[in-house]
Amino acid sequence: MAEITAKLVKELREKSGAGVMDAKKALVETDGDIDKAIELLREKGMAKAAKKADRVAAEGLTGVYVDGNVAAVVEVNAETDFVAKNAQFVELVNETAKALAAAKPANNEEAVKVKLASGETLEEAYVNATATIGEKISFRRFAVIEKSDDQAFGAYQHNGGRIGVISVIEGGDEALAKQVSMHIAAMNPSVLSYTELDEQFVKDELAQLNHVIDQDNESRAMVNKPALPHLAYGSKSQLTDEVIAKAEEEIKAELAAEGKPEKIWDKIIPGKMDRFMLDNTKVDQQYTLLAQVYIMDDSKTVEQYLESVNAKVVAFARFEVGEGIEKASNDFENEVAATMAAALGK
C-alpha cells in the first residue's frame, strides 16, 4: 500500500477540485495513483450529479463577457443563493461566458462540448462542480452577440449578477449603450420592436388590459367615479394610416367644438397625437424596448430618445436568473406534521 501523503492529497485536490476527504479516499482506493484517482473522482462525481439531476436549480448567476466585437451573456443555475456566491461557482460562470464568446456555439448542444481554459468541456466542468460543491450546478442558456467596429456594446449586470444584459447600439458610445442596458435590466422588454409581436398575442394582451379596466371600473362605480374607456388598440402594428388619419380628424373636430382658432391647431395636434400613440400602444410599451418610456428621460420613449442623439439599438439580450423556472415549494406545515408523526411512530 502506497503512503498517502499530505503532498499527494494536495496535488490531487489541485488537479480535481475535490475536497480533502474525497481526495484522500480516492487515493486510498487507487493505491496512490493520481491518474486513477482523478478518474475515480470523475466517476463518483457523475454518479452524484445523476442523483441530483431531478432537483430544481433556480438560483445562480449571470455572466457577461466582452472581447472586441464579440460578447456573451450566460445563465448558470445552482440550488441555493448561498452557493451562487461560492468563489468556485462564480469563477465557473465567468469562465463559461469567456469560453462561449470565443467559441460562438450555435446552441446548447454545441455549447456543452466547448472546452474551458482548464481543458474540461463545459459538460465535464458542471458534473465536477456538482460533485465538489455539493449542489446541482447546471448550465442553462447563453447568447453570443457580435457587432461591427462602428457599433458599441453595453454590458451591465444588476443585483449582484442576477440580471445580465448585453446591448448593441449604433451612433453612440459605450456609456450610452450601458445606459440602454440599465433600462433593459429594469424594464424587462421581451423584443426590440412591435414588428416582432405576433398579431394574436397583441389581441390577447389587449383583451387582458381591457379586463383590468373592467375590474377598475367596478371599483370606480362604487364611489361614483366615471368609467374609464376601453383601449381600442394595443400596438403600433394596429395603427394603420386610416386609423391615424381618423384620430387626427377627431382631434380637429374636438378643437373646433372647443372653439380653438384653426391657426393654432398645428401647435396642439402633434401633442395630442403623441398622447393618442401612447394610449394605444400599451402592449408595445410592456413588451418592446423601443416603445418603452426611457428611464433616463421619461419625456421620451427609448426610440425617441435615441433618435434625438442620432443613435439606435441594433440588438440586445437580457437574462434574469430563474425566470421561467418553477421553483420547488415546501409545505412547511405538512413537513412538520410528517416529522412529528414519524417521531411518534404513526
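Sequential numbering from 1 along the given sequence is applied to the chain's residues. What you see is a predicted model; the values in this text were computed from it and never measured. All heavy atoms count here, side chains included; hydrogens, waters and symmetry mates do not.
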Parallel, tilted or perpendicular, as decided by the 30° and 60° cut-offs, for the rings of Phe201 and Tyr287: perpendicular
Can a salt bridge be assigned to the pair Glu254 and Lys272 using a cut-off of 4.0 Å between side-chain N and carboxylate O? yes
Starting from the C-alpha separation in whole Å, work towards a yes-or-no answer on side chain to side chain contact (heavy atoms under 4.5 Å, CB included) for Phe316 and Leu289. CA-CA 9 Å; Phe316 75 90; Leu289 173 60; 4.0 Å; yes
Would one find more than 12 heavy atoms of other residues, nucleotides or ligands at under 6.0 Å from atom CD of Glu91? no
Please enumerate all residues that pass salt bridge (charged side-chain N to carboxylate O under 4.0 Å, His left out) together with Glu110, with sequence neighbours excluded. none
In plain terms, say whether Glu75 and Arg141 are close enough for a salt bridge, that is, a side-chain N and a carboxylate O under 4.0 Å apart. yes
Using the rule that two of Ile, Leu, Val, Met, Phe, Trp, Tyr join whenever any of their side-chain heavy atoms come within less than 4.5 Å, decide whether Leu192 and Ile145 are in one cluster. no
Output a table of donor-acceptor pairs, distance under 3.5 Å, between side-chain atoms of residues 239-250 and any protein atom two or more places apart or on a different chain; print 'none' if there are none.
residue: Thr240; atom: OG1; partner: Glu242; partner atom: OE1; Å: 3.4
residue: Thr240; atom: OG1; partner: Val243; partner atom: N; Å: 3.2

Are any side-chain N or O atoms of Thr62 and backbone N or O atoms of Gly161, one a donor and one an acceptor, separated by less than 3.5 Å? yes
By side-chain hydrogen bond (donor to acceptor under 3.5 Å, both in side chains), which residues pair with Glu320, not counting sequence neighbours? Arg318
Carboxylate-amine/guanidinium contact Lys36 Glu29, below 4.0 Å: no
Same cluster or not: Ile166 versus Tyr156, using hydrophobic residues (I, L, V, M, F, W, Y) connected whenever any side-chain heavy atoms lie under 4.5 Å apart? no
Report yes or no: do Ser193 and Thr288 form a side-chain donor-acceptor pair below 3.5 Å? no
Taking the side chain as C-beta and beyond, is there a heavy-atom pair between Glu59 and Asn77 under 4.5 Å? no
